[in-house]
Amino acid sequence: MELDNSSKIDPPSTLLVPSRRCPPPHRALMINCDGALFESREGRASMVVKDVQGTVVMAASTKFQYTNDPPTIEVLSILQAMKLASRNGWRRIVVESDAEAVVTYIRTEIPCLTLYGNIV
């Protein structure tokens with residue numbers, strides 16, 4: 001039996017390329033933040049702070065109750081990362097997030113008319 005390869009769909013090439021992280025600029029810290037939502041309607045924001053060599057300087061996590069919107073949790077994780085930097089006196093930071101829509105709103109002057117717009 002011969003298979004018809006004409007209907008075969010290749011995955012996007014970006015899925016096949018390994019992720020390459022850029023280190024932060026000289027004397028800066030990279031704060032990688034991410035949000036997660038659980039069935040209990042509890043959200044959690046987690047942050048990992050690394051230096052230029054990739055050494056973990058600090059890791060932190062915080063809980064948010066009664067939140068059921070994933071982008072809102074992502075925004076809150078970015079906000080918590082910036083608060084963490086401020087409390088520790090870190091002035092040269094790079095905040096990294098995988099929430100593309102959230103980052104787009106933060107980087108532009110477009111009014112954010114979403115559930116998380118007042119945080120942005």
Side-chain angles (χ1 to χ4, degrees):
M1 178 176 188
E2 187 175 327
L3 296 174
D4 179 18
N5 288 331
S6 62
S7 63
K8 184 177 177 184
I9 300 173
D10 291 329
S13 60
T14 54
L15 295 176
L16 303 175
V17 177
S19 173
R20 292 193 175 100
R21 308 273 175 161
C22 296
H26 180 67
R27 299 184 72 192
L29 295 172
M30 172 79 73
I31 305 176
N32 181 287
C33 51
D34 198 12
L37 188 63
F38 300 95
E39 290 179 15
S40 61
R41 292 187 55 162
E42 174 184 286
R44 187 160 297 271
S46 300
M47 294 129 300
V48 177
V49 183
K50 295 181 182 180
D51 63 12
V52 177
Q53 289 81 26
T55 304
V56 174
V57 174
M58 180 183 286
S61 178
T62 189
K63 182 172 42 170
F64 299 99
Q65 292 186 356
Y66 310 112
T67 305
N68 60 0
D69 182 48
T72 299
I73 294 295
E74 295 288 348
V75 169
L76 289 170
S77 72
I78 294 169
L79 178 62
Q80 292 301 313
M82 298 188 75
K83 286 181 177 181
L84 181 71
S86 178
R87 279 192 301 260
N88 286 286
W90 301 329
R91 301 288 176 231
R92 294 181 49 101
I93 62 168
V94 176
V95 178
E96 183 179 58
S97 172
D98 62 355
E100 185 177 352
V102 170
V103 172
T104 299
Y105 275 121
I106 291 171
R107 296 181 79 184
T108 64
E109 294 181 15
I110 300 169
C112 186
L113 304 175
T114 64
L115 290 174
Y116 56 87
N118 62 333
I119 302 169
V120 171

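Atom set for the values below is all heavy atoms of this structure, side chains included, hydrogens, waters and symmetry mates excluded.
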K.L.:
Give the intermediate values and the outcome of side-chain contact (heavy atoms from CB on, under 4.5 Å) for residues V103 and E74.
P.N.:
CA-CA 9 Å; V103 172; E74 295 288 348; over 6 Å; no

K.L.:
Can you name the closest pair of heavy atoms from V102 and P71 and give their distance?
P.N.:
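In this case the closest contact between V102 and P71 is CG2-O, 3.9 Å.
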
K.L.:
Output yes when a side-chain donor or acceptor of S86 lies under 3.5 Å from a complementary backbone atom of M82, and no otherwise.
P.N.:
no

K.L.:
Do you know which two heavy atoms are closest between A36 and I73, and how far apart they sit?
P.N.:
N-CG2, 3.4 Å

K.L.:
Among Ile, Leu, Val, Met, Phe, Trp and Tyr joined by side-chain contacts under 4.5 Å, find the other residues sharing a cluster with V56 and list them by chain and number.
P.N.:
V48

K.L.:
How long is the straight-line distance from CG of L29 back to CZ of R91, given to the nearest 0.5 Å?
P.N.:
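Taking CZ in R91 and CG in L29, the distance rounds to 12.0 Å.
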
K.L.:
Which heavy atom of A81 sits nearest to which heavy atom of I31, and what is that distance?
P.N.:
CB-CG2, 3.5 Å

K.L.:
T72 and F64: side-chain contact (heavy atoms from CB on, under 4.5 Å), yes or no, with the steps?
P.N.:
CA-CA 10 Å; T72 299; F64 299 99; over 6 Å; no

K.L.:
Which residues satisfy the side chain to side chain contact (heavy atoms under 4.5 Å, CB included) test with R87, sequence neighbours excluded?
P.N.:
K83, L84

K.L.:
Check the pair N88 / M58 against side-chain contact (heavy atoms from CB on, under 4.5 Å), numbers first and verdict last.
P.N.:
CA-CA 11 Å; N88 286 286; M58 180 183 286; 4.0 Å; yes

K.L.:
Sequence neighbours left out, what passes side chain to side chain contact (heavy atoms under 4.5 Å, CB included) with Q53? Give chain and number order.
P.N.:
D51, T55

K.L.:
Roughly how far, to the nearest 0.5 Å, is the CE atom of M30 from the CZ atom of R92?
P.N.:
12.5 Å

K.L.:
Identify the two heavy atoms, one from D69 and one from L37, that lie closest to each other, and give their separation to 0.1 Å.
P.N.:
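Answer, listing the atom of D69 first, then L37: N-CD2, 4.1 Å.
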
K.L.:
Determine, step by step, whether C33 and Q80 satisfy the side-chain contact (heavy atoms from CB on, under 4.5 Å) criterion, reporting the C-alpha distance in whole Å, the side-chain angles of both residues, the deciding distance to 0.1 Å, and the verdict.
P.N.:
CA-CA 9 Å; C33 51; Q80 292 301 313; over 6 Å; no

K.L.:
Closest approach of V52 and R27, non-hydrogen atoms and distance?
P.N.:
CG2-N, 3.8 Å

